[in-house]
Amino acid sequence: MRAIFVGNFENDTRQSDLERLFSKFGKVDRVDMKTGFAFVYLDNDRDAEDAIHHLDDRPFGYDRRRLSVEWARGERGRERGHHLDGSKSVANQRPTKTLFVINFDPLRTRVSDIERHFDPYGKVLNVRIRRNFAFVQFDTQEEATKALAATHLSKILDRVVSVEYALRDDDERGERRYDSPRRGGYGRHVDSPYRRSPSPVYRRRPSPDYGRARSPAYGRYNGPVYDRRRSPDYGRNASPEYGRYRSRSPIRRSRT
DNA sequence: GTTGAGCGTT
């Protein structure tokens, strides 16, 4: 089952919209909704071909933008056993009571939604959303494990989510941080004459800052973006300058 | 125009 790439739909297009659209051509296995594009899986590749032929370049949605529909490029789009759970296939080894949840709709999903979603599987102690992912902490490992099994690839607000064990359990979070400056002596790697990191740590992908206001530059305005329909202002245009890296200009002024 | 976001701070 190959993945079909779908692009150029409106930003408020939902997974179910695509599901509905593609289901006319065959059984939809799943839709992996990303931002601005999505991957659709039809059980039958023949049906997929069919869908591609019929849907590519076809006006869709309120704005009647022309969809881009084609076979997904890249390895992940090809057959290769499908660990296409959206995960990096290197899910976490070590079970933790805190689960890492990703791929929900970062704009609409709230803590309460996630909480409600995981609640049936145990006592949820804490839910935190950060950017495009969330952490759900359970009281016990059993609950967490059970919850993971039950919710991985389940839908939250219409989006299929990936659930994994978090790298760090909420419990064990940085107890060692500012514990006490130089106690014991596990700081042998810190006393180098150089600063911690001399070179600017390359940020990983410039992942969008969901939840936070991304200064202009995120999402080009192809025209009026406020009258799409619905509420013109979700309140996220506030905070004009959220970034500290506001001045990326060469004002490095090496201390003189 | 777009091809798979990935581990957090009180």
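Sequence lines set the chain letters: A, B, ... in the order given, protein chains first and strands last, and positions in each chain run from 1.
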Whole-Å gap separating [atom2] ([N]) and [atom1] ([X]):
X	N	atom1	atom2	value
A:Asp57	B:dG1	CG	P	12 Å
A:Ile102	B:dG8	CD1	P	11 Å
A:Trp71	B:dT2	CH2	C1'	19 Å
A:Asp171	B:dG8	CG	C1'	14 Å
A:Asp169	B:dG8	CG	C1'	12 Å
A:Arg2	B:dG4	CZ	P	15 Å
A:Leu167	B:dT9	CG	P	14 Å
A:Asn126	B:dC7	CG	P	19 Å

Nearest listed nucleotide, side chain of [X], among [options]:
X	options	result
A:Glu164	B:dG4, B:dC7, B:dG8	B:dC7
A:Phe5	B:dG8, B:dG4, B:dT2	B:dT2
A:Asn8	B:dG4, B:dT9, B:dT2	B:dT2

| said: For B:dG8 and A:Arg128 - does any side-chain N or O of the residue sit under 4.0 Å from the phosphate oxygens OP1/OP2? | reply: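 The answer is no; no side-chain N or O of A:Arg128 sits under 4.0 Å from OP1 or OP2.
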| Toward the 5' end of DNA chain B, which comes first, A:Phe9 or A:Phe100, by nearest nucleotide? |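 First, find each residue's nearest nucleotide; the 5'-ward one identifies A:Phe9.
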| Residue whose closest nucleotide on DNA chain B lies nearer the 5' end, A:Ala166 versus A:Ser68 |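 The 5'-side residue here is A:Ser68.
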Side-chain atoms of residues 54-61 of chain A: list all donor-acceptor pairs with protein atoms under 3.5 Å, sequence neighbours left out, distances to 0.1 Å.
unit_1, atom_1, unit_2, atom_2, d
A:His54, NE2, A:Asp50, OD1, 3.3
A:Asp56, OD1, A:Val69, N, 2.8

| said: Applying the 5.5 Å / 30° rule, does A:Phe39 stack onto the base of B:dG4? | reply: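 A:Phe39 vs B:dG4: stacking yes.
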| query | Between A:Phe133 and A:Phe135, does the ring centroid distance fall short of 6.0 Å? | reply |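 Distance test on ring centres: under 6.0 Å, yes.
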| Base of B:dG1 paired with side chain of A:Arg65 (donor-acceptor, under 3.5 Å) |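 Looking at the base of B:dG1, it does pair with a donor or acceptor on the side chain of A:Arg65 (distance under 3.5 Å).
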| field | Base of B:dT2 paired with side chain of A:Arg73 (donor-acceptor, under 3.5 Å) | value |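 No, the side chain and the base share no sub-3.5 Å donor-acceptor pair.
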| Counting any heavy atom closer than 4.0 Å, what does A:Phe135 reach on the DNA or RNA strands: base, sugar-phosphate only, or nothing? |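 A:Phe135: base contact, heavy atoms under 4.0 Å.
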| request: Count the heavy atoms of every other residue, nucleotide or ligand shown that sit under 6.0 Å from CD of A:Glu142, and state whether that count exceeds 12. | output: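 12 or below, so no.
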| Do A:His117 and A:Lys155 have side chains that get closer than 4.5 Å, going by heavy atoms? |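 Result no, sub-4.5 Å side-chain heavy-atom pair not found.
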| said: Apply salt bridge (Lys or Arg N to Asp or Glu O under 4.0 Å) to residues A:Asp139 and A:Lys97 and explain how you reach the verdict. | reply: CA-CA 7 Å; A:Asp139 190 25; A:Lys97 298 192 295 303; over 6 Å; no
